[in-house]
Engineer: 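Below is one structure. I have some questions about it.
Letters A, B, ... mirror the listed sequences (proteins, then strands); counts begin at 1. From a predicted model like this one, the values you see are computed outputs, not experimental measurements.
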2 protein chains.
Amino acid sequence: MKKLSEKQKKVLEFLTNYTDARGYPPSIRDIAAACKISSTSVVDYNLKVLENGGYIRRDPEVSRGIEIIESSRRREKVAEIPLLGYVAAGEPIPVPQADTWTSTPLEMIVLPDNMVTDKKAVYALKVKGTSMIDALIDDGDTILVRQTQEVRNGDMAVVWLKKEMESTLKRIYFSKTRKKVRLQPANRYMEPIYTELNNIDVQGKVVAVIRLLG
Amino acid sequence: MKKLSEKQKKVLEFLTNYTDARGYPPSIRDIAAACKISSTSVVDYNLKVLENGGYIRRDPEVSRGIEIIESSRRREKVAEIPLLGYVAAGEPIPVPQADTWTSTPLEMIVLPDNMVTDKKAVYALKVKGTSMIDALIDDGDTILVRQTQEVRNGDMAVVWLKKEMESTLKRIYFSKTRKKVRLQPANRYMEPIYTELNNIDVQGKVVAVIRLLG
DNA sequence: ATAATATTAGAACCTATGTTCTTAATTTAA
DNA sequence: TTAAATTAAGAACATAGGTTCTAATATTAT
């Protein structure tokens, strides 16, 4: 695809600005005036270039019949993630079952979709208390958890301890044999937990932490 | 505000559908055809009703000069924030000047607008190193800073220390007389900094911390 | 340098499209 | 029922605005 000339960039920029500001696209003569082009045919020419480049779509014979393609504009930039509940010290961390998933969301959190790869398998939890301060997660933070068993060494994961019957949020490290795991708090003053691999269920993986301050 | 007639609802619905589908609004005759209205003047009449009701805005003498107000549609759900630079240990934290603001952004970060009250005065910094681990901010985290002098007791702020000629990121506490300040790391093992109020410049306030993990 | 390609200019043409006026039918208010 | 709004029709008008043609000038490639 050819590179756009300065004038063409200018036209495209004006096109988006105008459309954003007014709610409808500019006429060819509007463009001419704004971009200091002296002839409508020149605008037409440059619009054809933009159209061939896939930047815009034009409908012939239609006044202001210009649609800006700009994939970034058309694409949904936001994903809505269900906030399923709270995580507090010691308490089991809620994990969505097939039913909780649809029924329970306390609210929906709007996020830019670049923070979420797979929208379906991600849920949010609000952290209550400073129980996870060791993982640099504060009271009031929101964590995004992706439901997955695939965790790699060092990932921060929501882990269900079968024997202890509770969940924790820790970094997970596997032994060489992969039979044992070390659940490591980020805080060096806290002791890691050592346990058998078959004593744990990985419920998900923390993919993001969001902290909103005053 | 008057209730809309069936026909007016139909016109408004067509208006939004058409605009969504095509990227530009319909002409009056397009509306007439789609809504089975036999005269352009009738469409004009109904558009006037819609305009008085605040549903649309019209620009006179402009073909397809219709903007759909529908507040939910117009409101941008995402804000684009400039990522201005990195913060590393000891180094002065970059603060946007009139010129840096426009020229320097490394990239734009897309955020839901509910995370940003005033889009203009907010910029993002990427944290390099663990120098701010005491404030629960890790290497690689992105912090959002709002440019403001108005900080309240306990706010996390970017503070310029005049004498020391460097910036730090600390929680700020004022003395009763407001002559002195205590700059408090979140980490209890680190000592707070005490200094005169006139030795500091508050450059901004951290409004959010975002941490993306695997 | 020469050819090919990209860009600019201006004008004329034509129709798509908003505007307006008059009249009539409906609906609502009194 | 009668009067007052509201809504609908149709036609004529004026112009906003897309199209097209010819020609000139820059840019880039050979």
Side-chain angles (χ1 to χ4, degrees), chain A residues 1-70, chain B residues 1-70:
Chain A
M1 192 162 296
K2 279 306 254 318
K3 216 165 49 186
L4 295 182
S5 75
E6 278 312 307
K7 187 148 288 176
Q8 283 143 17
K9 279 186 204 162
K10 201 171 173 186
V11 169
L12 185 58
E13 193 197 339
F14 173 69
L15 216 44
T16 63
N17 288 344
Y18 187 105
T19 308
D20 272 356
R22 306 251 222 158
Y24 54 83
S27 71
I28 285 184
R29 283 170 180 84
D30 289 336
I31 300 172
C35 299
K36 299 200 186 15
I37 294 173
S38 60
S39 171
T40 58
S41 66
V42 175
V43 175
D44 183 64
Y45 166 77
N46 284 294
L47 287 179
K48 276 182 181 132
V49 175
L50 288 177
E51 187 170 27
N52 288 332
Y55 297 93
I56 61 172
R57 191 184 62 76
R58 290 220 289 168
D59 280 337
E61 318 268 292
V62 171
S63 61
R64 297 165 191 269
I66 303 173
E67 180 180 12
I68 300 164
I69 304 287
E70 192 186 0
Chain B
M1 190 163 298
K2 276 309 248 329
K3 212 164 51 184
L4 295 181
S5 75
E6 278 312 307
K7 187 148 287 178
Q8 283 144 16
K9 278 185 204 163
K10 201 172 174 185
V11 169
L12 185 58
E13 193 197 339
F14 173 69
L15 216 44
T16 63
N17 288 344
Y18 187 103
T19 308
D20 271 355
R22 306 253 220 157
Y24 54 84
S27 72
I28 285 184
R29 282 170 181 84
D30 289 336
I31 301 172
C35 299
K36 298 197 183 26
I37 294 174
S38 59
S39 171
T40 59
S41 66
V42 176
V43 175
D44 182 65
Y45 166 79
N46 284 292
L47 287 179
K48 277 185 180 129
V49 175
L50 288 176
E51 187 170 28
N52 287 332
Y55 297 94
I56 62 173
R57 191 184 62 74
R58 289 219 290 167
D59 280 336
E61 319 267 291
V62 172
S63 61
R64 299 168 189 268
I66 304 173
E67 179 180 14
I68 300 163
I69 303 288
E70 192 187 359

Engineer: May I ask you to verify if any side-chain N or O of B:R58 is less than 4.0 angstrom from the OP1 or OP2 atom of C:dT19?
Structural biologist: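 True: B:R58 side-chain N/O within range (under 4.0 Å) of C:dT19 OP1/OP2.
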
Engineer: Ignoring the backbone of B:S39, work out which of D:dA9, D:dT19, D:dG17 is nearest its side chain.
Structural biologist: D:dA9

Engineer: Hey, does the side chain of B:R64 reach the backbone of A:S63 with a donor-acceptor pair shorter than 3.5 angstrom?
Structural biologist: yes

Engineer: Note the angle between the end axes of the helix from C:dA1-D:dT30 to C:dA30-D:dT1, five pairs defining each, rounded to 10 degrees.
Structural biologist: 50°

Engineer: Within this structure, what is the NZ-to-C1' distance between B:K10 and D:dT7, rounded to whole angstrom?
Structural biologist: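 In whole Å, D:dT7 C1' and B:K10 NZ are 15 Å from each other.
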
Engineer: In whole Å, I'd like the distance from the NZ atom of A:K9 to the P atom of C:dT7.
Structural biologist: 13 Å

Engineer: Would you indicate, yes or no, if D:dT6 has its OP1 or OP2 atom less than 4.0 angstrom from a side-chain nitrogen or oxygen of B:N46?
Structural biologist: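 So the side-chain polar atoms of B:N46 never come under 4.0 Å of the phosphate oxygens OP1 or OP2 of D:dT6.
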
Engineer: Do the side-chain N or O atoms of B:S38 get closer than 4.0 angstrom to the phosphate oxygens (OP1, OP2) of D:dA9?
Structural biologist: yes

Engineer: Hey, could you give me the CD1/CG distance between B:I69 and B:L50, rounded to the nearest 0.5 Å?
Structural biologist: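 The CG atom of B:L50 is 11.0 Å from CD1 of B:I69, to the nearest 0.5 Å.
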
Engineer: Does OP1 or OP2 of C:dT8 have a side-chain N or O of A:K7 closer than 4.0 Å?
Structural biologist: yes

Engineer: Categorize A:Q8 for me: base, sugar-phosphate, or nothing, with a 4.0 angstrom heavy-atom threshold over every strand shown.
Structural biologist: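 A:Q8: backbone/sugar contact only, no base atoms under 4.0 Å.
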
Engineer: Is A:S5 side chain donor-acceptor paired with the C:dT7 base, going by distance under 3.5 Å alone?
Structural biologist: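 A donor-acceptor contact between them is absent.
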
Engineer: In terms of side-chain heavy atoms of B:R29, which of D:dT20, C:dT19, C:dG18 is nearest?
Structural biologist: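 Nucleotide nearest to B:R29's side chain: C:dG18.
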
Engineer: To the nearest 0.5 Å, tell me how far A:R29 CZ sits from A:T40 OG1.
Structural biologist: 5.0 Å

Engineer: Phosphate oxygens OP1/OP2 of D:dG17: is one of them under 4.0 Å from a side-chain N or O of A:R64?
Structural biologist: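 A:R64 to D:dG17 OP1/OP2: side-chain N or O found under 4.0 Å.
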
Engineer: Quick one: A:Y24 OH to C:dG18 P, roughly how many Å, whole number?
Structural biologist: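 Distance, rounded to whole Å: 11 Å.
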
Engineer: Rounding to a whole Å, what distance do you find between B:D44:CG and D:dA9:P?
Structural biologist: 14 Å

Engineer: Check this for me, if you would: do B:D44 and B:R58 make a salt bridge, where the nitrogen-to-carboxylate-oxygen distance has to be below 4.0 angstrom?
Structural biologist: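 A salt bridge links B:D44 with B:R58.
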
Engineer: Between the side chains of A:E6 and A:K9, is the shortest nitrogen-to-carboxylate-oxygen separation below 4.0 Å, so that they form an ion pair?
Structural biologist: yes

Engineer: Can you tell me how far CD of A:E13 sits from CG of A:N17, rounded to the nearest 0.5 angstrom?
Structural biologist: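 The distance works out to 5.0 Å.
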
Engineer: Could you state the atom-to-atom distance from CG of B:N52 to C1' of D:dT7 in whole Å?
Structural biologist: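 Checked: the CG to C1' distance equals 15 Å.
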
Engineer: Using atom OH of B:Y45 as one end and atom P of C:dA24 as the other, report the distance to the nearest whole Å.
Structural biologist: 19 Å

Engineer: Which nucleotide sits closest to the side chain of B:T40: C:dA11, D:dA11, C:dT7?
Structural biologist: D:dA11

Engineer: If I take atom CD1 in residue B:I37 and atom P in nucleotide C:dG18, what distance separates them, rounded to the nearest angstrom?
Structural biologist: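 So the CD1-P distance, B:I37 to C:dG18, works out to 13 Å.
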
Engineer: Side chain of B:E61 only, heavy atoms from C-beta on: which candidate in C:dT7, C:dT19, D:dT19 is closest?
Structural biologist: C:dT19

Engineer: Can you measure A:I31 atom CD1 to D:dA16 atom P for me and round it to whole angstrom units?
Structural biologist: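 To the nearest whole Å, that distance equals 17 Å.
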
Engineer: When rounded to the nearest 0.5 angstrom, what distance separates CD in B:E67 from CG in B:L15?
Structural biologist: 11.0 Å

Engineer: I need the minimum non-hydrogen distance between A:C35 and A:F14, along with the two atoms involved.
Structural biologist: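 In terms of heavy atoms, the two residues are closest at SG-CB, 4.1 Å.
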
Engineer: Quick check on DNA chain D: between A:S63 and B:K36, whose nearest nucleotide comes earlier from the 5' end?
Structural biologist: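 Mapping each residue to its closest nucleotide by heavy atoms, the 5'-most match is B:K36.
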
Engineer: D:dG10 base to B:S41 side chain: any donor-acceptor pair below 3.5 Å?
Structural biologist: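 Present.
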
Engineer: Between D:dT7, C:dT7, D:dA8, which nucleotide has the shortest distance from any of its atoms to the side chain of B:V42?
Structural biologist: D:dA8

